[in-house]
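Below, chains carry the letters A, B, ... as their sequence lines are ordered, and counting in each starts from 1. Worth saying up front: this structure is predicted, and the values here are computed from it rather than measured.
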Amino acid sequence: MARPPMPDPLALLDIDSLLTEEEREIQRGLADFLDARARPGVADRFERGVFDRDLARELGAFGVLGMHLTGYGCAGLGPVAYGLACLELESVDSGLRSFVSVQGSLSMFSIWRYGSEEQKREWLPRLAAGEAVGCFALTEPDAGSDPAAMRTRAVRDGSDWVLTGTKTWITNGGIADVATVWARTEDGVRGFLVPTTARGFRAVDVPAKLSLRASVTSELVLEDVRLPDTARLPHAEGLGAPLSCLNEARFGIVFGAVGAARDCLRTTLDYASTREQFGRPIAGFQLTQAKLADMAVSLGGCALLAVHLGRLKERDRLRPEQVSAGKLNNVREAIGIARECRTVLGANGVTLDYSPLRHANNLESVLTYEGTAEVHTLTIGRALTGIAAFR
Amino acid sequence: METMNIVVLIKQVPDTWSERKLTDTDHTLDRDAADAVIDEINERAVEEALLLKEAHGGKVTVVSMGPDRATDAIRKALSMGADEAVHISDAALHGSDTIQTAKVLASAIRTIEGVDLVVAGNEATDGRAGAIPAMLAELLGLPQLTHARRVEVEGTEVRVERETEDGITHLAAELPAVVSVGEKINEPRYPSFKGIMAAKKKPVTTLGLGDLGIDPSEVGLAAAFTSVVESAPKPPRGAGERVEDQGDGGVRIVEYLAAQKLV
């Protein structure tokens, strides 16, 4: 008599045993909440291309937004607990995790790390509660992997600044209340907190995406947006500032990708155990078992890597090339698992009734944003050889 | 009333989703056979206590009797927002019946000063005796307002709506009192990240029978008024009767129900 399939493929390697009791409670607590409030209807939101604004407030009340920051209403989670939360969020949909990453690790982190006390008090509690939404504007139409090529300019005019330029691929752009905009000045790159109600500011949502459909992606246009100097992030000097924010968000993706892959594999294990062909469940065929086994081993490896990087971050020893290794490996493996799962699901796998192809499509964006797979590869190459191949 | 000092009774039970069974040796609950969780009705009791605390100020103390691992259920209640906990744990309590349990809980509640309200679920999903709240009220000499679907406190009075098949009964009593709540009382909150992290810093007092001045010979299976003599798993459900609908499906269903004396 066959046993039922393993409910959580991460149990193969007992990944739980690497976690503290508090980390497990944080993970389980969020998973329960998401099962009740976020998972139902996610395929429908993906299909309709809408983001659930009410869910953002509920996530705020739960403490998810800016969860790894301290003070100003933030929960102050450790790195591994923060990662596990990203894992659970992305097991629902990468779009949901993207919203949380941008809100917490890009918008809020940029204010928390580089802002003035007044800026923190003005924005962080509202962003933490989900009453306000933030976005982070670095990428431009002609400056993606090479942000140093940015054209957006901030020019002094008396005591004010005047910002002009175009930013694109901005998650949360169209629903944001405040944008952290990075612009070139006479003294190098500086960051500005731009209220989205500012005159000359406009957001245009990217209309027809095949990926991350349950989150908002926009182009931001700044036409002579006039800001006081108090809008400038006083502690951000140079391109290192926005890059440090991206490093925070990337760390979440290392875990998030594991969540997306876990959901694919869970769905597929369940399907393969009940779908019968030639008189027995397809999980009983060796070709299917080979796929399932390879995927579970790969998933376990990704989870081990994620927890390892989390423990390094706890001790402040996490280096950027290590985050690159985590993001490169885990997103690459996750998208591979998602596609392989689709093959086990057969024709059913191309519908929204099953999550793997939705996850695979989402992961196309995740593979590219916050540093493309290619740039992360070259970052690792530079760390290994001492030679920068991209500049 | 200035602020409220509320006690909530919670019980760790086998998850209703898992296979629940009794041990072969003494027919008590086989705690290793199933995942243990806080009983859902207790989450509602905790929620109601938290709502009262939020409205009136005060403190919520959870009281639980159970083995060591009941700390998980206690921590869940603390994560939701309860302030402190009393955990009664003693090997001699194994197999205690409802009267013994009520006596132990009453002793534990007496160690808490100035209790205004005791909130409990109306019955646990494992034993399903549904007797503890009433017994406890009797032992503490407090009014009992059971099976509440709504609870209000005004001044020193507690008012409760009790729903029965015959209608709604409105009950009122002076505090202190014992209230038991039903499934319709509220939707329990999810513990937030801050709640989960704060929980481990909240005080949990663990009491043994010695701390409560109870003689171990008065409790436990050997001294229980009731015990389970025998148990057998429910027989598997029969295959049922299959009826092809040939235009007379409705009539056939009614005939079947009539034969079962259901209509």
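- Residue contact with chain A, scored on non-hydrogen atoms closer than 4.5 Å, is absent for B/R189.
- Shown here is A/R317, whose CZ atom has no more than 12 heavy atoms of other residues, nucleotides or ligands within 6.0 Å.
- When each of B/K76, B/R75, B/K200 is scored by its heavy-atom pairs under 4.5 Å with chain A, the top score falls to B/R75.
- Under the 30°/60° scheme for interplanar angles, the aromatic rings of A/Y271 and A/Y354 are found to stand perpendicular.
- Using a 4.5 Å cut-off between heavy atoms, A/A85 touches chain B through its side chain atoms alone.
- Counting non-hydrogen atoms of other residues, nucleotides and ligands closer than 6.0 Å to CZ of A/R311 gives a total above 12.
- Side-chain atoms of A/R39 and A/S91 form a donor-acceptor pair, as typed in the model, at a separation below 3.5 Å.
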